[in-house]
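Okay, so here's the structure we're looking at.
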Amino acid sequence: MCALKQDGRTSAFEEPFLGSNDGRALQRLLDELGRLPGIGPKSAQRIAYHILESDSEHARRLATAILDVKKQVHFCPICFSYATRDTCDVCADHTRDRTTICVVSEPRDVAAVERTGSHKGLYHVLGGVISPMDKIGPDQLHVRELLSRLASGEVEEVILATNTDVEGEATATYLSRVIKPLGVRVTRFAVGMSVGGEVELADELSLGRAIEDRREL
């Protein structure tokens, strides 16, 4: 049961963890940390020991932050980036250039492009890339929603900012083919992004230059 505070309220963080005290709490933490991308056994061990050596309040803040982000963050219904309100901050910002949309694969790519300060327009997140081997085609991405946004005639340019690997290039080629008949200018990253490079991992200077030197398809 949840612990009852003096004011009569209960706290979800004061109820016991799921399962009994079987002596595997540390191993379960190590297992969960090891499932995070880029975290190997040694890194998981360092993080686990850091949590153990921290005070209880630090652990509560970490747990609260994780639960809050899962509870409060959702996909923007317009661009499909992450949002904590009805729409994301970019879509809600009326000072943004609404004649330009930068198309990216994942929400994390929005943050990467934003750090460059080179793009003043809007975004559209596909939710992946075309990958026949993974049985992902245009119908599994937010392509239909992108075309709906272009139907208003307000957008003059679409910047295709997918990764420069095989899947990213195939996705950019497909989008260019379906967008250009609408009379919208289609551009692609130019110099600054290496072949096979990922948008998320690019440094700000290279990514900013790639945006500024984009080429027309």
Side-chain angles (χ1 to χ4, degrees), residues 37-38 74-83 87-91 93 96-217:
H74 57 89
F75 290 118
C76 174
I78 299 175
C79 72
F80 301 97
S81 183
Y82 292 135
T87 62
C88 71
D89 292 341
V90 173
C91 287
D93 186 354
R96 305 285 300 207
D97 178 11
R98 298 186 175 271
T99 66
T100 305
I101 292 180
C102 181
V103 178
V104 297
S105 302
E106 303 291 349
R108 58 179 176 265
D109 297 331
V110 172
V113 175
E114 278 295 279
R115 286 197 298 268
T116 71
S118 300
H119 178 60
K120 307 301 182 183
L122 303 177
Y123 291 92
H124 189 86
V125 180
L126 296 172
V129 290
I130 295 174
S131 178
M133 291 187 63
D134 297 320
K135 298 181 180 179
I136 299 176
D139 291 340
Q140 282 71 53
L141 305 176
H142 297 302
V143 175
R144 186 180 299 106
E145 292 85 351
L146 173 61
L147 298 179
S148 296
R149 295 179 69 183
L150 301 180
S152 67
E154 183 180 14
V155 179
E156 299 174 0
E157 179 184 5
V158 171
I159 305 170
L160 300 178
T162 53
N163 294 336
T164 55
D165 54 14
V166 174
E167 291 82 4
E169 290 292 343
T171 303
T173 299
Y174 171 81
L175 291 176
S176 175
R177 189 166 64 246
V178 298
I179 292 173
K180 291 182 76 172
L182 302 177
V184 178
R185 183 185 179 211
V186 181
T187 56
R188 180 79 167 120
F189 278 169
V191 296
M193 284 290 290
S194 60
V195 175
E198 296 184 6
V199 172
E200 179 191 6
L201 302 179
D203 63 273
E204 287 129 13
L205 180 61
S206 297
L207 191 54
R209 188 177 178 189
I211 295 172
E212 292 168 355
D213 295 337
R214 60 187 180 273
R215 56 185 170 84
E216 190 159 356
L217 296 180

Glu157 meets the side-chain hydrogen bond (donor to acceptor under 3.5 Å, both in side chains) criterion, sequence neighbours left out, with Thr187, Arg214
According to the side-chain hydrogen bond (donor to acceptor under 3.5 Å, both in side chains) rule, which pairs have a member within residues 137-155, sequence neighbours left out? His124-Arg149
With Thr173, which residues qualify under side-chain contact (heavy atoms from CB on, under 4.5 Å), at least two apart? Arg177
Tell me, please, which residues at least two apart from Tyr174 pass ring pair (Phe, Tyr, Trp, His ring centres under 6.0 Å). none
Using side-chain contact (heavy atoms from CB on, under 4.5 Å), reason through Glu156 and Thr100 one step at a time and then give a plain yes or no. CA-CA 6 Å; Glu156 299 174 0; Thr100 305; over 6 Å; no
Please report the interatomic distance CD1(Ile179) to CG(Leu146), rounded to the nearest 0.5 Å. 5.0 Å
List the atom of Leu175, the atom of Val103, and the distance in Å for their closest heavy-atom pair. CD1-CG1, 4.1 Å
Identify the two heavy atoms, one from Val143 and one from Pro138, that lie closest to each other, and give their separation to 0.1 Å. CG2-O, 3.8 Å
Of all heavy-atom pairs between Phe75 and Phe80, which one has the smallest distance, and what is that distance? CD2-O, 3.4 Å
Leu122 side, atom CG; Asp97 side, atom CG - distance, nearest 0.5 Å: 7.5 Å
So which atom in His119 and which in Cys102 form the shortest heavy-atom distance, rounded to 0.1 Å? NE2-CB, 3.4 Å
For the atom pair CG (Asp93) and OG1 (Thr87), what is the distance rounded to the nearest 0.5 Å? 10.0 Å
Take Leu141 and Ile130, measure what side-chain contact (heavy atoms from CB on, under 4.5 Å) needs, and give me the verdict at the end. CA-CA 8 Å; Leu141 305 176; Ile130 295 174; 3.9 Å; yes
Which atom of Gly121 lies closest to which atom of Val90, heavy atoms considered: O-CG1, 3.9 Å
Which distance, rounded to the nearest 0.5 Å, do you find between the CD1 of Ile136 and the CD of Glu167? 9.0 Å
Look at the side chain of Arg188 and the backbone N and O of Leu160, then say whether any donor-acceptor pair between them is shorter than 3.5 Å. yes
Value rounded to 0.5 Å, distance of CD in Glu114 from NZ in Lys120: 8.0 Å
Set of residues satisfying side-chain contact (heavy atoms from CB on, under 4.5 Å) with respect to Asp89, sequence neighbours excluded: Arg85
Worked verdict on Val158 versus Leu150 for side-chain contact (heavy atoms from CB on, under 4.5 Å): CA-CA 9 Å; Val158 171; Leu150 301 180; 3.8 Å; yes
Quick check for you: to the nearest 0.5 Å, what is the distance between Tyr123 atom OH and Cys76 atom SG? 13.0 Å
Test of understanding: with side-chain contact (heavy atoms from CB on, under 4.5 Å), list the residues that count as partners of Ser105, not counting sequence neighbours. Asp109, Val129, Thr162
